[in-house]
Novice: 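Sending over a structure as structure tokens; questions will come in a sec.
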Amino acid sequence: MKAAVIVFPGSNCDRDCAVGVERATGATVEMIWHAEPQLPKGLDLIVLPGGFSYGDYLRCGAMAAQSPVMKAVVAAANDGVPTLGICNGFQILCEARLLPGALLRNEKLKYICKPVDLEIVNGNTRFTAAFGERRTARMTIGNGEGNFFAGEDLLNRLEGEGQVVFRYANENPNGSARNIAGIINQQGNVLGMMPHPDRAFEAELGSADGAVLFRSVLG
Amino acid sequence: MTSSKSMAELAREYGLKAEEYGVIVQRLNREPNEVELGVFSVMWSEHCSYKSSRKHLAKFPTTGPRVICGPGENAGVVDIGDGQACIFKMESHNHPSYIEPYQGAATGVGGIMRDVFTMGARPIALLNALRFGDPSHPKTRRLVEGVVAGIGGYGNCVGVPTVGGETNFHRGYDGNILVNAMCVGLADADKIFYSAAPAAGLPVVYFGSKTGRDGIHGATMASAEFDEDSDEKRPTVQVGDPFAEKLLIEATLELMKTGAVAAIQDMGAAGLTSSSVEMAGKGSVGIELDLDMVPQREEGMTAYEMMLSESQERMLAILKPGRERDGHAIFEKWGLDAAVIGWTTDTGHIVLKHKGKTVCDIPLSPLSDDAPLYDRPWTEPVKHLRLDPGQIPAPVDWADAVLKILSCPDVASKRWLWEQYDRHVMADTLEDSATGADAGIVRVHGGRKALAVTSDCTPRYVLNDPYEGGKQAVAEAWRNLTAVGSLPIAVTDNLNFGNPERPEIMGQIVRAIDGMAEACRALDFPVVSGNVSLYNETNGAAIPPTPTVGAVGLLADYDDHMDFSNLRDGDVLVLIGENHGELGASLYLRELLGREDGAPPPVDLAIERRNGDFVRGLIGAKKISACHDLSDGGLAIAAAEMALASNIGVTLNASSGGHSHPYLFGEDQGRYLVATRKPAELLADAGAAHVHAMVVGEVGGEAFASKELFSIALPALRAAHEGWLPDYMSRKD
């Protein structure tokens, strides 16, 4: 199995994603600099990591979405390559129109770092299948702009089509519409989520549920 | 620009004393020009020269089998085995944070990270020690809001976890808050980078952000008291860009890998001046810079402005011969400005050229050799008397007493603050502010080792007895590292005091250092780096003396780390260490009786060490399942914190009687509260080790209680602990 982690200037979870994927699945991980116009052939997963690409200047993810490598990411995603955006990576996926909706400033206007309980709303995606019958997971969030926003029609459609994959289970930390923590595209190969599976891949880190997610997609 | 003023008058404006100016004229055999005067004034500022503290800092033990590099470089370097080194330092950003809290705190974090990666280390953990004024002071809430946002805004973006710290509130900081930031980094022990220029004829490369007019004379501001006009000093505060810092870290570490770097230093306080002067001076060479080559953000900058600018995220490297092109691809990749701005020379002078003219030509040696060194007069601090516990009244309502202390600003949960810090990035955090442990713990990436980190000081103890308080700050840091199972290995200090020209303040400095040095010696705990921040005064009122101790401990295997969130039903709580009921300078006295007098609890360093070594042995042998050191509020508060972290009840065995309040709230030192299933065995072990130990309670139920004295349901206990800070921050008064 082979994965690529895209590195933008200001990405800071790129190593965490690589280590998490490697330890959880044994896959080979290549780090791809944002200026690369092409991706390696035969990828089983593309990860857009968290961080502050381009310092969050302009809008979170807006400038990264215009990076040279993103043309190749969009093409690969449209070809069906599993693509995972975590935190800033989710913001980039939205800015690149690979996922609908937008991520706004957190309701209380502050950065929030804390563990969250998640409801696995759709356990039948290629990212969640390995959770089996489990419908809860625990990971941490760390963001200032994790407040998912979309129009009512779109929210209804996302829920109706099974595109809401994760919801905040107990407490909605940032004001996200319908407690949404992660969504998937209609084709089922592009997942964006604010919680960090890349910080939850070993029990010592407080949770190993992120490893389950990585194993789902690369298993 | 100042033709109407004499150089001597200008010197005074720049913070130099008349005698100091006299020395400059004597050494140069002429009057300096304005640029030269600027160079002297910042290099001889208290901030850069340590002129008031240097004599006393020499008392610290700074060597040891693990010490690779002690004080004097950008940060201290300690061997942690397997060819790896830990590099760390703590530094203050007090004055700027008071004037402009967001940028002041943010650039404090940025500056301390640069000190660490400048030496070749990747930063892996941040801590911060914050002291604010009384919560009722009109400026306090805004300062907390701004400082916390600044720390988070910078550290979160760069991607280094903030895993620990401490926050106090006291009216003594109303006019001068303290923002002390600590950074810990990891490097290969054989790839440490130093600042001394090794030879003449080498290229000097500037890289990072452009130079602007921000922060000019920041180091001088940080060496003066505040008065009513301090807000006018806002232009001397620098503006940070954490995105630039992140790029700078990656570019610097990549440049180091090429083998082209001969010496390197960040541009921190006093910017281009201190970096170039120190690199050339330490290498006993000269340096010549062409200021026209400096990347500039603004037009028309003068030589003086460029040399004194404290623009952030800038580095100065001296490269090996012929390697000046090596960095080019790296700087381009990371989008950083870079330029060869000069060369090292064999003249022993710093020569600055600007627009074809020589604007500065002065010998380097007087800048360091003749830097003022003061043996300032000091008076022995007036000691408070030890309080007889029998003379201190017991509380009328015991539950109320527990809740009052647990919810007071110094003890209340700081969740509101640390939830704004990324504590998990880098995916190696095992313990942080949220997890119920006495120190933060991060894994040494890719292996079994881990580093424990803490910062400690109890200013109210230092105020009442600087010597004992100094000892206590070191002992508590050592104890916190011990309580998580690590071996304490080295210290960085951040000495925050008032105006050293006042003998009573100088007395605090001298005696606190004496106490710290003694504790460091007794605990084999060398000081490897540090920072001094003086003149923390406003209109003649000094802060409480605050010598903050940052410290690092080593765990050989992270599976052996300990915390206090794992109490289980049926555990027995054993107190390690003796209780004399010391209530002097205690929180009980302050929060319940409104008194701040009394001698602080003394630290017996031999007992401290014996108890700590015993506890660390228990943890290593897996004989205990939870451990918490006793500090603010004594046994009752430690037990309450364990109950909250573990979400299970605890019942202490104190009953009514004359001495329950010194027993429950006394702040005697060298003590730990540990949980075990086999108390008899533990007591026997303690006896054999000549360590005082006794059973003080048990775990179970859903309340925090002590026999018939009090019983507080956990939700009420939690509400008291968690409620204060968010309530305070959301109030509009």
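In what follows, every heavy atom counts, from backbone to side chain, and hydrogens, waters and symmetry copies are set aside. Every chain is numbered from 1, with letters handed out A, B, ... down the list of sequences.
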Novice: Please classify the contact of B:V158 with chain A as side chain, backbone, both or neither, using a heavy-atom distance under 4.5 Å.
Specialist: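 Only the backbone of B:V158 comes within 4.5 Å of chain A.
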Novice: Side chain to side chain contact (heavy atoms under 4.5 Å, CB included) with A:A76: which residues, sequence neighbours excluded?
Specialist: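 Residues passing side chain to side chain contact (heavy atoms under 4.5 Å, CB included) with A:A76: A:L39, A:I46, A:V81.
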Novice: Just list the donor-acceptor pairs under 3.5 angstrom between chain B and chain A, please.
Specialist:
from   : atom 1 : to     : atom 2 : distance (Å)
B:E145 : OE2    : A:K110 : NZ     : 2.5
B:N156 : O      : A:N12  : ND2    : 3.2
B:C157 : O      : A:N12  : ND2    : 3.1
B:D241 : OD1    : A:Y57  : OH     : 2.6
B:E419 : O      : A:C113 : N      : 2.7
B:D422 : OD1    : A:R199 : NH1    : 2.9
B:D422 : OD2    : A:Y111 : OH     : 3.2
B:D422 : OD2    : A:R199 : NH1    : 3.3
B:D422 : OD2    : A:R199 : NH2    : 3.0
B:R423 : NH1    : A:C113 : O      : 2.9
B:R423 : NH2    : A:C113 : O      : 3.2
B:M426 : N      : A:D16  : OD2    : 2.8
B:M426 : O      : A:R15  : NH2    : 3.2
B:D428 : OD2    : A:R15  : NH2    : 3.4
B:R443 : NH1    : A:E202 : OE1    : 2.7
B:R443 : NH2    : A:E202 : OE1    : 3.0
B:H445 : ND1    : A:R15  : NH2    : 3.3
B:Y558 : OH     : A:E204 : OE2    : 3.1

Novice: My understanding is that only residues two or more places apart in sequence, or in another chain, count here; which of them pass side chain to side chain contact (heavy atoms under 4.5 Å, CB included) with A:V47?
Specialist: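 A:V47: side chain to side chain contact (heavy atoms under 4.5 Å, CB included) contacts with A:V5, A:C17, A:L45, A:I86.
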Novice: Using the side chain to side chain contact (heavy atoms under 4.5 Å, CB included) criterion, which residues pair with B:A452? Sequence neighbours excluded.
Specialist: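 So B:A452 forms a side chain to side chain contact (heavy atoms under 4.5 Å, CB included) with B:A439, B:I441, B:L481, B:V484, B:S486.
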Novice: Has A:F131 got more than 12 heavy atoms of other residues, nucleotides or ligands less than 6.0 Å from its CZ?
Specialist: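 Count over threshold, so yes.
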